Amino acid sequence: EPEVTQTPSHQVTQMGQEVILRCVPISNHLYFYWYRQILGQKVEFLVSFYNNEISEKSEIFDDQFSVERPDGSNFTLKIRSTKLEDSAMYFCASRSGTENEKLFFGSGTQLSVL
Amino acid sequence: QQQVKQSPQSLIVQKGGISIINCAYENTAFDYFPWYQQFPGKGPALLIAIRPDVSEKKEGRFTISFNKSAKQFSLHIMDSQPGDSATYFCAASSNIRSGAGSYQLTFGKGTKLSVIP
């Protein structure tokens, strides 16, 4: 089965630093998403992206966050100035956009902000 | 109104038994109800999903029961196996039929299932 690939699997950073989390969605998918999961908590929606623009974002996705699809394969999440509370597992997801609404999740990037 | 409430938080079931996880929602605009299975170190993987126009959907050992009037849905795992031990999340979303780009899944808090031999 095709997979969503995320790198790195773990990222440690100092508070105030910028981080970029990278994702390679499934090749023929058109809709891309970022979710996050704080340890022991539920999975929370951050942002959805379609046709090279954000289609929806949550309250969590403030001005410190941005997303980009710099080329035909990568989809990135940037946090400009990380805070301690940004520590979480970040999941990238994609779906094809045809009648199949199945959302495919990557294995996640564990971000630790010190 | 966007919440999805899931119970129990953890569940221990004997091998061969039935595992039942329940979810309740408030937003009547929700029209898609998936269940996700997550193993440690992995992302959530879609297990089974239901639309509100049916009351039950079965795929192998997994069944979703849906009660639209009560705004509740549940996952039943028949003949539970140790390999089913994982965290299960219910979720809900709206506007799926429109095919819009937004696909904001609202997740429950998860149920950690342990199936003991």
Side-chain angles (χ1 to χ4, degrees), chain A residues 1-6 9-10 21 23 25-26 29-61 67 69 88-110, chain B residues 1-10 21 23-25 27 29-53 57 59 64 86-112:
Chain A
E1 191 170 64
E3 289 185 342
V4 175
T5 305
Q6 289 188 243
S9 56
H10 293 86
L21 309 183
C23 170
I26 295 171
H29 283 191
L30 302 176
Y31 298 89
F32 314 111
Y33 308 85
W34 285 100
Y35 283 77
R36 79 173 187 187
Q37 185 179 27
I38 295 172
L39 184 64
Q41 303 291 318
K42 64 180 179 179
V43 178
E44 299 176 292
F45 169 81
L46 292 180
V47 66
S48 59
F49 190 87
Y50 170 71
N51 200 25
N52 284 319
E53 61 183 23
I54 291 173
S55 48
E56 193 168 0
K57 60 183 180 180
S58 71
E59 293 177 351
I60 302 168
F61 195 88
V67 289
R69 187 158 165 80
M89 179 73 87
Y90 287 80
F91 292 108
C92 174
S94 69
R95 70 181 180 105
S96 64
T98 61
E99 292 183 8
N100 183 357
E101 63 268 296
K102 182 176 180 179
L103 198 61
F104 290 81
F105 282 85
S107 294
T109 294
Q110 179 65 55
Chain B
Q1 194 177 17
Q2 287 294 321
Q3 277 191 329
V4 175
K5 296 181 180 179
Q6 184 172 348
S7 63
Q9 188 173 4
S10 63
I21 304 170
C23 284
Y25 64 97
N27 187 350
F30 286 148
D31 60 1
Y32 177 68
F33 302 90
W35 283 90
Y36 281 82
Q37 180 187 55
Q38 185 181 30
F39 291 106
K42 298 292 187 182
L46 180 66
L47 190 62
I48 187 173
I50 198 168
R51 295 273 181 88
D53 47 357
K57 183 173 181 180
E59 291 183 2
I64 299 179
T87 298
Y88 292 81
F89 292 94
C90 62
S93 185
S94 59
N95 300 319
I96 294 301
R97 295 183 190 277
S98 71
S102 63
Y103 190 98
Q104 182 177 344
L105 283 175
T106 300
F107 282 85
K109 288 190 174 181
T111 296
K112 185 173 182 180

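Please read all numbers here as calculations on a predicted model, not as lab measurements. Here is how names work: the chains are called A, B, and so on, in the same order as the sequence lines, proteins then strands, and each is numbered from 1.
For A/Q6, no part lies under 4.5 angstrom from a heavy atom of chain B. Interface remark: B/Q38 contributes side-chain atoms only to the contact with chain A (heavy atom separation under 4.5 Å).
With rounding to the nearest 0.5 angstrom, the CZ atom of A/R95 is 14.0 Å from the NZ atom of A/K102.
Partners of A/F105 according to the ring pair (Phe, Tyr, Trp, His ring centres under 6.0 Å) rule, which considers only residues two or more places apart in sequence or in another chain, are A/Y35, B/Y36. For A/F91, there are no ring pair (Phe, Tyr, Trp, His ring centres under 6.0 Å) partners two or more places apart in sequence or in a different chain.
Interface summary for chain A: among B/G41, B/G110, B/G43, the most heavy-atom pairs under 4.5 angstrom belong to B/G43.
Closest non-hydrogen pair, B/F30 versus B/V4, comes out as CE1-CG2, 4.2 Å.
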